[in-house]
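Below, chain A is the first sequence line, B the second, and so on; all start at residue 1.
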2 protein chains.
Amino acid sequence: MRWDALEEEPCSMARTIGVIGDRWTLLILRECFLRTRRFEGFQSALGITRHLLAERLKKLVRQGVLRRIPYQESPKRHEYILTQKGLDLYPIMMAIVHWGDTHMVDERGRPLLHQHRKCGKNFDPVMVCSECGEPLSAKEVHTHPGPGARSTPAIKAPEKPKAKARRSAA
Amino acid sequence: MRWDALEEEPCSMARTIGVIGDRWTLLILRECFLRTRRFEGFQSALGITRHLLAERLKKLVRQGVLRRIPYQESPKRHEYILTQKGLDLYPIMMAIVHWGDTHMVDERGRPLLHQHRKCGKNFDPVMVCSECGEPLSAKEVHTHPGPGARSTPAIKAPEKPKAKARRSAA
DNA sequence: AATTTACAGTTCGTTTTTAGAACTGTAAAG
DNA sequence: CTTTACAGTTCTAAAAACGAACTGTAAATT
């Protein structure tokens, strides 16, 4: 698979992975949500090489996730801030953090707590159905091809061994 | 930054990225949620090199995301199925797909629709606050250090230019 | 009986990415 | 007049991914 073609795959997941699906990009975006805006800020917070950081920022700008806006003339300096498209990544970030909070914390507990301004409480993010409001789990969801599907997108036959009944569990 | 140390970072996001934060792993997990279970199934669906696939599957098993269970003796064959820890990645997957559905579809529309068994409707995933049930957005959330935080985790000073007031926007 | 196919990997040489450090350039501060 | 802050770019070495071929068991086919 060519990574530069990932964005044309008939799969919203593949396309999104083409944009944010690597370690550094995800960490850069974490910093964005923590209000980091400038080159040096990202670099010192993450320890990423300057070369890669420059490249990743360029890519995120190209893809409309970040906007590069000048904050100073001569020497020209710019800040990187999240566009709406970038801000919309928030649920992904929260889902990632929440999984880590659930499955990857040590005995000392969570590194970071999240407080909801509206209700004032520390919360966990919960994913619910837009139609009925019930929490979602993998088993309750059925997928089927939409208008943008190609013949057989990524959904292969469910691996049935063709009923050839080779000697199983001999 | 050493990637093998990512899981010990005092940040749930960094730790999670250590587990699922690369392109192939994310795509392998997509296949898992689409019910792929076997080596050849992953390989042909994704076009990943067999070498990398073997390595990624091993890693996911080691991390408790997949379980490797025999389905046949001599030659020994195994299936890879999601553990509960793996199933809990579902909100991350859905959040990624939903962002793609929102920002990366072409004129033909979504490649895949999701139907909620409970209510029978096609839905979008919505992330809400566990305490008040309201939808979440980045601006309404305030983060602060939790019990597992280190001195200054990932939260750097918010980039104030030290009030040195260099000639700005000359 | 000999050959092909299915399956789940492993091995190895080549190409691409990433790491790490140094360098460029403007301008303010000491 | 030298140092510092900032935002990059350039270069070489190391690590990771690619691609193709190879290993091994056993059933199915010829």
Side-chain angles (χ1 to χ4, degrees), chain A residues 1-6 17 21-28 31 36-61 66 68-80 156-157 159-170, chain B residues 1-6 18 21-28 31 36-61 66 68-80 156-157 159-170:
Chain A
M1 181 178 302
R2 286 156 42 241
W3 291 126
D4 50 322
L6 210 48
I17 289 173
D22 78 287
R23 281 152 145 68
W24 284 127
T25 300
L26 250 6
L27 289 171
I28 288 168
E31 289 306 308
T36 300
R37 291 164 133 79
R38 298 183 187 180
F39 194 92
E40 289 296 318
F42 291 109
Q43 205 283 317
S44 64
L46 298 175
I48 184 176
T49 66
R50 310 176 75 76
H51 179 53
L52 266 203
L53 175 57
E55 188 184 82
R56 291 290 192 273
L57 287 173
K58 239 176 235 163
K59 190 177 166 196
L60 286 169
V61 169
L66 298 179
R68 186 162 174 270
I69 43 180
Y71 67 89
Q72 170 187 290
E73 290 295 322
S74 91
K76 274 224 170 216
R77 291 281 182 272
H78 301 84
E79 298 191 306
Y80 297 90
K156 303 293 153 185
E159 287 297 319
K160 51 176 172 180
K162 287 170 195 157
K164 272 182 188 172
R166 61 157 72 202
R167 175 165 66 104
S168 62
Chain B
M1 182 177 300
R2 287 157 40 242
W3 291 124
D4 51 320
L6 211 48
D22 77 287
R23 281 152 144 68
W24 283 127
T25 299
L26 251 6
L27 289 171
I28 288 167
E31 290 305 309
T36 300
R37 292 161 134 76
R38 298 182 187 180
F39 194 92
E40 289 294 319
F42 291 109
Q43 205 283 318
S44 64
L46 297 175
I48 183 175
T49 67
R50 310 176 74 76
H51 179 55
L52 264 203
L53 175 58
E55 187 184 82
R56 291 289 193 273
L57 288 173
K58 239 176 234 162
K59 190 177 167 195
L60 286 169
V61 169
L66 298 179
R68 186 163 174 269
I69 43 180
Y71 68 89
Q72 171 187 289
E73 291 294 322
S74 91
K76 274 224 171 217
R77 291 281 182 272
H78 302 84
E79 298 190 308
Y80 297 90
K156 303 291 153 186
E159 288 298 317
K160 51 175 174 183
K162 287 171 195 156
K164 272 180 187 172
R166 59 158 73 204
R167 175 164 67 105
S168 61

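- Applying the 4.0 Å criterion to OP1 and OP2 of D:dG8, one finds that A:Arg68 has a side-chain N or O inside that range.
- A distance-only check finds a donor-acceptor pair linking the side chain of A:Gln43 to the backbone of A:Ile48 [under 3.5 Å].
- Relative to the ring axis of B:Tyr71, B:Arg38 places its NZ or CZ within 45° and under 6.0 Å from the centre.
- Taking every side-chain heavy atom of B:Trp24 into account, D:dA17 is the closest of D:dA17, C:dT10, C:dA19.
- For the pair B:Leu52 CG and C:dA8 C1', the interatomic distance rounds to 16 Å; values are reported in whole Å.
- In this structure, CG of B:Asp22 is placed 13 Å from C1' of C:dT17, rounded to the nearest angstrom.
- Because its NZ or CZ atom is not both nearer than 6.0 Å to the ring centre of B:Phe42 and within 45° of the ring axis, B:Arg56 does not count as a cation-pi partner of that residue.
- Taking only side-chain atoms of A:Trp3, from C-beta outward, the nucleotide of D:dC18, C:dT11, D:dA26 with the closest atom is D:dC18.
- Nearest nucleotide to the side chain of A:Tyr71, out of C:dG9, D:dC6, D:dT10: D:dC6.
- Under the 3.5 Å distance criterion, with hydrogens and angles disregarded, a donor-acceptor pair is assigned to the side chains of A:Arg68 and A:Tyr80.
- Residue A:Arg50 has its side chain nearest to D:dT9 when only D:dT9, C:dT18, C:dG9 are considered.
- Out of D:dA17, C:dT11, D:dA21, the shortest distance to the side chain of B:Arg56 is found at D:dA17.
- Going from atom CD of A:Gln43 over to atom C1' of D:dA5 covers 13 Å, rounded to whole Å.
- Contact between the side-chain N/O atoms of A:Lys58 and the OP1/OP2 oxygens of D:dT9 is found at a separation under 4.0 Å.
- Within the 4.0 Å cut-off from OP1 or OP2 of D:dA26, at least one side-chain nitrogen or oxygen of B:Ser74 is found.
- A:Arg23 comes within 4.0 angstrom of no nucleic acid atom, judged by non-hydrogen atoms across all strands.
- For the pair B:Arg37 CZ and C:dC7 P, the computed distance is 15 Å after rounding to whole Å.
- A donor and an acceptor atom never sit less than 3.5 Å apart when one is taken from the side chain of A:Arg38 and the other from the base of D:dA7.
- When distances run from any side-chain atom of A:Glu40 to the nucleotides C:dA8, D:dG8, D:dC6, the shortest one goes to D:dC6.
- With values rounded to the nearest 0.5 angstrom, B:Ile28 atom CD1 is found 7.5 Å from B:Asp22 atom CG.
- In the set C:dT26, C:dA6, D:dC18, the nucleotide with an atom closest to the side chain of A:Pro75 is C:dT26.
- Taking every side-chain heavy atom of B:Phe39 into account, C:dA8 is the closest of D:dG19, C:dA27, C:dA8.
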